[in-house]
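The structure appears below as structure tokens.
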2 protein chains.
Amino acid sequence: MSVYTPAEVVEETGFTLDTLRYYEKIGLLEPVSRNAAGQRRFTEEDVGWLGTIRCLRDTGMPIAEMLRFADLVRQGDHTIADRIKLLEEHDGRVRDQIANLTERQRYIHDKISYYRRVV
Amino acid sequence: MSVYTPAEVVEETGFTLDTLRYYEKIGLLEPVSRNAAGQRRFTEEDVGWLGTIRCLRDTGMPIAEMLRFADLVRQGDHTIADRIKLLEEHDGRVRDQIANLTERQRYIHDKISYYRRVV
DNA sequence: ATCGCACCTGGAGCCGACTCCAGGTCAACC
DNA sequence: GGTTGACCTGGAGTCGGCTCCAGGTGCGAT
């Protein structure tokens with residue numbers, strides 16, 4: 001099972017090293033294992049979890065809620081129903097965001113056409 | 001020509017009074033006219049501009065860029081080409097946001113289906 | 001006339017999410 | 001054996017965008 005150096009994880013996930021350390025510090029990431037020199041060596045699983053974090057973060061989930069999700073994951077399989085609920089609620093908000101953006105986009109297009117007409 | 005009290009503008013635009021004052025302070029809003037007692041009386045035009053602000057803000061435009069746009073508007077008609085450019089660039093970012101959200105949404109759906117299958 | 005209320009000001013404070021820094025360790029290459 | 005470079009730590013600082021506060025004014029209703 002392969003491990004990843006900090007630099008590799010930065011490359012792979014797009015998070016900065018500082019952000020990774022920050023996520024570990026606040027408990028969004030489990031304590032990352034270390035080599036003899038005390039340097040982080042991320043597992044495949046860490047990287048996968050960071051992929052999830054990236055997705056949730058990029059869809060606007062606040063860190064506090066990601067922490068709740070992380071907590072559910074840690075508690076084991078009996079929390080899966082709760083995880084589904086959390087993700088479905090989040091999905092609803094993502095849907096709303098998309099609808100809202102699409103709506104606002106029309107206004108922007110109208111504004112642009114208006115400007116085009118007066119130019 | 002009708003004017004609006006702060007409370008009416010709050011109602012109409014969804015911004016808080018503090019936010020309206022803040023926007024005026026930083027120059028995103030022109031100095032708002034006052035009645036004899038020094039209280040704000042917003043014009044139709046102010047409210048219209050706030051509608052534009054709302055749209056740009058809700059689509060993720062940073063205040064610094066809204067200030068640039070406000071500045072172009074103040075400079076008069078010869079900046080219309082620049083305004084179109086600014087709005088088109090912003091439109092591109094909105095498009096990207098929607099695409100990104102839609103993409104991430106698939107991941108969330110997949111995650112939910114996965115959880116549904118293991119429950 | 002006095003109460004409540006909507007409003008005013010300048011300035012401080014807050015929150016989320018990082019981001020940066022100083023000073024240190026270790027491994028490897030020249 | 002000296003230098004480079006990737007990494008480490010704890011803690012402070014930054015940034016965007018508000019949000020709150022204390023203390024004050026003026027107006028309409030009881």
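Letters go in sequence order (proteins before strands), and every chain restarts at 1.
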Roughly how many Å is it from [atom1] in [X] to [atom2] in [N], rounded to a whole number?
{"X": "Y22(B)", "N": "dC15(D)", "atom1": "OH", "atom2": "P", "value": "13 Å"}
{"X": "I26(B)", "N": "dG11(C)", "atom1": "CD1", "atom2": "P", "value": "17 Å"}
{"X": "K25(A)", "N": "dT19(C)", "atom1": "NZ", "atom2": "P", "value": "13 Å"}
{"X": "I63(A)", "N": "dA17(C)", "atom1": "CD1", "atom2": "C1'", "value": "5 Å"}
{"X": "F42(A)", "N": "dA6(D)", "atom1": "CZ", "atom2": "C1'", "value": "13 Å"}
{"X": "R41(B)", "N": "dA6(C)", "atom1": "CZ", "atom2": "P", "value": "13 Å"}
{"X": "E24(A)", "N": "dT19(C)", "atom1": "CD", "atom2": "C1'", "value": "17 Å"}
{"X": "Q39(B)", "N": "dC5(C)", "atom1": "CD", "atom2": "P", "value": "15 Å"}

Item to check | Selected nucleotide, minimal atom distance to P6(B) side chain, candidates dC8(D), dA17(C), dC8(C) | outcome: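 Of the options given, the side chain of P6(B) lies nearest dC8(C).
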
Item to check | Straight-line distance of Y23(A) OH to L50(A) CG, nearest 0.5 Å | outcome: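 That separation rounds to 8.5 Å.
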
Next on the checklist: In terms of relative ring orientation, are W49(B) and F69(B) parallel, tilted or perpendicular, with 30° and 60° separating the classes?
Outcome noted: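 It falls in the parallel class, under 30°.
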
Checklist entry - Under 4.0 Å between a Lys/Arg side-chain N and an Asp/Glu carboxylate O for R34(A) and E24(A)? => result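 Between E24(A) and R34(A) there is a salt bridge, with a charged N closer than 4.0 Å to a carboxylate O.
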
How is [X] classified with respect to the nucleic acid when contacts are heavy atoms under 4.0 Å: base, sugar-phosphate, or nothing?
{"X": "R21(A)", "value": "base"}
{"X": "Y23(B)", "value": "sugar-phosphate"}
{"X": "A36(B)", "value": "nothing"}
{"X": "R57(B)", "value": "sugar-phosphate"}
{"X": "R34(A)", "value": "sugar-phosphate"}

Item to check | Transitive ILVMFWY side-chain link I26(B) to I53(B), under 4.5 Å | outcome: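 In one cluster with I26(B): I53(B), yes.
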
Item to check | Side-chain donor-acceptor contact under 3.5 Å, D46(B) with T43(B) | outcome: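 Yes.
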
Checklist entry - So which one's nearest nucleotide on DNA chain C is more toward 5', M66(A) or G38(B)? => result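 Going by which nucleotide is closer to the 5' end, it is G38(B).
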
Item to check | Which residue lies more 5' along DNA chain D, comparing A37(B) with L17(A) via nearest heavy atoms | outcome: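 With A37(B) and L17(A) compared, the 5'-side residue is L17(A).
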
Item to check | dC20(D) base / D18(B) side chain donor-acceptor hit below 3.5 Å | outcome: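 Answer is yes: a donor-acceptor pair is held.
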
Checklist entry - Below 4.0 angstrom from OP1 or OP2 of dA17(C), is there any side-chain N or O of T19(A)? => result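 Answer is no, no contact under 4.0 Å.
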
